[in-house]
Structure formats: C-alpha cells, structure tokens
Amino acid sequence: MSIFAGRALKGETVALATKQISMVNIPHQNLRIPGPTPIPEPVLAALAQPMINHRGPEFAAILRRVTEHLRYFFQTRYDILTFPSAGTGAMEAAVVNLFSPGEQVAAITIGAFGERFAAIAEVFGLHVRRIAFPWGQAADPDVVMRELADVPDLKGVLMTHNETSTGVTNDVAALARAVRERYPDALIAVDAVSSLGCIDLPMDALDLDVVFTGSQKGWMVPPGLAIVGVGPRAWAANARAKLPRMYWDFAAARRSLEKGQTPYTPPVSLFYGLDVALQLMREEGREAIFARHARLGALTRERIRLMGLELFADRDHASNTVTAVRAPEGLDVKALLKALREEDGVVLAGGQQHLEGKIFRIGHLGFVHEPELTAALDALERRIGKMAGSTQQIAAS
Ligand code: PLP
C-alpha cells in the first residue's frame, strides 16, 4: 500500500490509499523506426499537464494555435482538420469525404501503404484503377499519364508521397502535373503520413486537394492524431460525396473548429504535446527542418554504402525520412534486429509483407540529429560485422 497525497480544492490535502502502482519501465532506447519517433523533453513535459475542459477556452486557444502552425507546415491557406486516429483513419477519411459509391478513381501504388489506400477505396465500393510500380521504385509520371489516358470519368487519384515500406519518395509535383494534364478537375489525395513536416510538400503550390499525416511521424508527438489538409476542390466534392460517413465527416470537423472545438472528445494531452512540438519546429524553421532531414538521409545512405550494403530503394528517389536496406545473402534480419535491440539498445524496423526478412529499415525523421543516428549506424556496422564473421566461421567449419 502506498499513499498518494494530492491537493484538492481550497488547498486541503487529500490522501488516497492505493495499491502499489507499477508502471512499464521503458528502457532507454535509440528508437530508429519510421514512427513512432522519439519525443523531446519539452513535449514529454507538456503531455503530463493536468486535464482541462475540451469545450473550454484553454483548449480552443491550443486548437487555434496548433491549426495555424500546421497551416505553415502544410503550406496551405486552406483548412486543417485533426482527428483522434492512426494515419489509416485519415486514408479512410479522404475516401469517404470525397467520393460517391461506384465512382472511378486511380491509385498509384509503390508499396504497402499505397496498396492500403487502394484497398480502402475498394472496400468503400469505388472502381479503382491501380497503377502499380515495383516495390523499391518511384512512380513514373509518364507511365501514370499513359495509364490515365483511357480511364473514363476519373474522379480522383490516390497517391503516397513517402512510401515507408520501401523507403521511396514519389515526385508528387510531377505526378500531380501528369494527372492535371488529362483531368484538370480530378481530386488528388496524398498520403504524406511519414513525410509531411520533414520533406517539402507545398500543398497549395502543387494544387493538392487532400493531404494527410500522422502525429507519430515527423511531428515529435506520440501516435493518436491524424491531421488532414483540405482544399477548395475537396470541399466542393465533399458537398456532393455520398459515401456514408459520420466520425470522419470533414464538414462537421470544420463547423466545430470554427468554435475552437472538435466534434468528439479530442486527445487533449496530445494537443498539449503538439502545441509545444510545433513551437519547437517553428523555431527551427520549415526549410531548416527539410535540410536536416536531407542531411540525415544522405548520411544514412553513405554509411550504408560504406558498410558494403545495398539500398532497397532506387537511389534517385531514396527517402530522407526512412532508409530501407537490402539484407545481404545469409543475414538473419530477425536476429540482427534482436541483437541490436537487446544488446545495443538500438531499435530498427524490419520489412513488411513479402519484404519481411529481406530488408530492414532505419527511421530518421522527427526529433533526430547526427549523434544518435551515427550511434545507431555504428552499432549496426559492428553487429553486421560480427554476424558476417560468425557466418563465415560456420561456413568454414
Ligand atoms: N501511410 C504511410 C505512408 C505510413 O507510413 C503509415 C504508417 O506507417 C500509414 C499510412 C498508416 O499509419 P498508421 O499506422 O498510423 O495507421
């Protein structure tokens, strides 16, 4: 039994007898997965603030400030909506807010998350023309343009900015141009879950209609918030769109936002954290953050090359937020990740779907700088060297 003493109203002290409280003891880790990402101390402190009324003036002030900062990072004059959700919720929100059953869309897919976006559209009864590229490569705008040429009455195109499963960044500017050339009024919805705030994606300048991201990626905040930018073409489509929606309704979210609220109870603590994280990000500056990610992406790729390892991604489109590395012949990826985690305190990610065991991924997005990234890469180099040594010994004996 322990005693928790807290101050109640009017200053009297209340003592609450509690059973022994146990908390998961999180070891210090060099978390180098492509999300969730590490949280800086000021954000952690903000997350621990006391609760407030989510319909009160303090929350309204936070929501308004956060929305304004997000506009700067989305590079948009238009609306920013937040939903308590994983990133996948934003994918579903994009589909149900823009389209009606049976409408024709195209999905440009280059990996697991592009496939997921296409699958969601199918689940909701849209006709989906998949324009798929081999995993590890970026989408070729010329191919996209050719493939779109014979799609009748195309209403929208779904695409991924940064394909986290393969470590590839699409040239969204060129893809959007290719779409607009043939279908000037098609809706363009971009999954920027693992890139927004890290890699330049100017929503308005590229004439994108819906762009979304997740709090656990570049934003230095825990998982739980999906953030969506909605432009004027998307709002016009939203007024016509007949797919059923309730929780995800953009119009309801916008009406609440005008009052400084969200339609349903928001994760207030995450907003405390996001509020502080965005102030830190504004202090660093958008272009400086993009430059830091470019530098860290280049550093990672160079170290991988020097280790004699191969990138999974086409080098010209390799991502600045996540690097996918091809596992050399005979390397047990599971054992490598286990040894790194348990013995070096470095946490990397494995491959997804058919890439399990074939690649591993290093996240370098959000709150990350040279020292911890270099430390992770040093550990990886030592571990790979050791494992290659023991494989050779086994082969020789
Ligand atoms: N899209 C991309 C590009 C992602 O990287 C992720 C998650 O890693 C998602 C969508 C889905 O996000 P969540 O896992 O939060 O649902």
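Whatever order the structure lists them in is the order used to number ligands and atoms, beginning at 1. Quantities reported herein were computed from a predicted structural model and do not represent experimental measurements. Hydrogens, waters and symmetry mates are skipped; everything else that's a heavy atom, side chains included, is used.
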Residue, atom and distance of the protein heavy atom nearest atom 8 (O) of ligand 1 read Lys217 NZ, 2.7 Å
Give yes if a backbone or side-chain nitrogen or oxygen of Glu163 is under 3.5 Å from a nitrogen or oxygen of ligand 1, and no if not. no
Decide yes or no on side-chain hydrogen bond (donor to acceptor under 3.5 Å, both in side chains) for His69 and Arg282, but give the supporting numbers first. CA-CA 8 Å; His69 286 322; Arg282 287 297 298 250; 3.3 Å; yes
Can you tell me the protein heavy atom closest to atom 1 (N) of ligand 1 and the distance? Asp191 OD2, 2.6 Å
Gly87, any N or O under 3.5 Å of ligand 1 N or O: yes
Using the side-chain contact (heavy atoms from CB on, under 4.5 Å) rule, take Tyr78 and Val230 through it: C-alpha gap first, then chi angles, then the decisive distance, then the call. CA-CA 6 Å; Tyr78 303 116; Val230 185; over 6 Å; no
To the nearest 0.1 Å, how far is atom 6 (C) of ligand 1 from its closest protein heavy atom, and which atom is that? Phe113 CE2, 3.3 Å
Nearest heavy atom to atom 14 (O) of ligand 1: which of His161, Met91, Gln216 does it belong to? Gln216
Tell me which protein heavy atom sits closest to atom 4 (C) of ligand 1, plus the residue, atom name and distance to 0.1 Å. Thr164 OG1, 3.5 Å
Test item: Ser100 side-chain N/O and Lys242 main-chain N/O as donor-acceptor pair under 3.5 Å: yes
Quick one: does Glu356's side chain get under 4.5 Å of Lys334's, heavy atoms only? no
Quick check: Asn162 and ligand 1, any N/O pair under 3.5 Å apart? no
Residues Glu284 and Arg292 bridged, charged N to O under 4.0 Å: yes
Within the 6.0 Å centroid threshold, strictly below: Phe212 and Phe117: yes
As an exercise, identify every atom of ligand 1 less than 4.0 angstrom from a heavy atom of Ala86. 13 (P), 15 (O), 16 (O)
How far is atom 16 (O) of ligand 1 from its nearest protein heavy atom, and which residue and atom is that? Thr88 OG1, 2.5 Å
Side-chain H-bond candidate by donor/acceptor type, Trp219 with Thr213, under 3.5 Å: yes
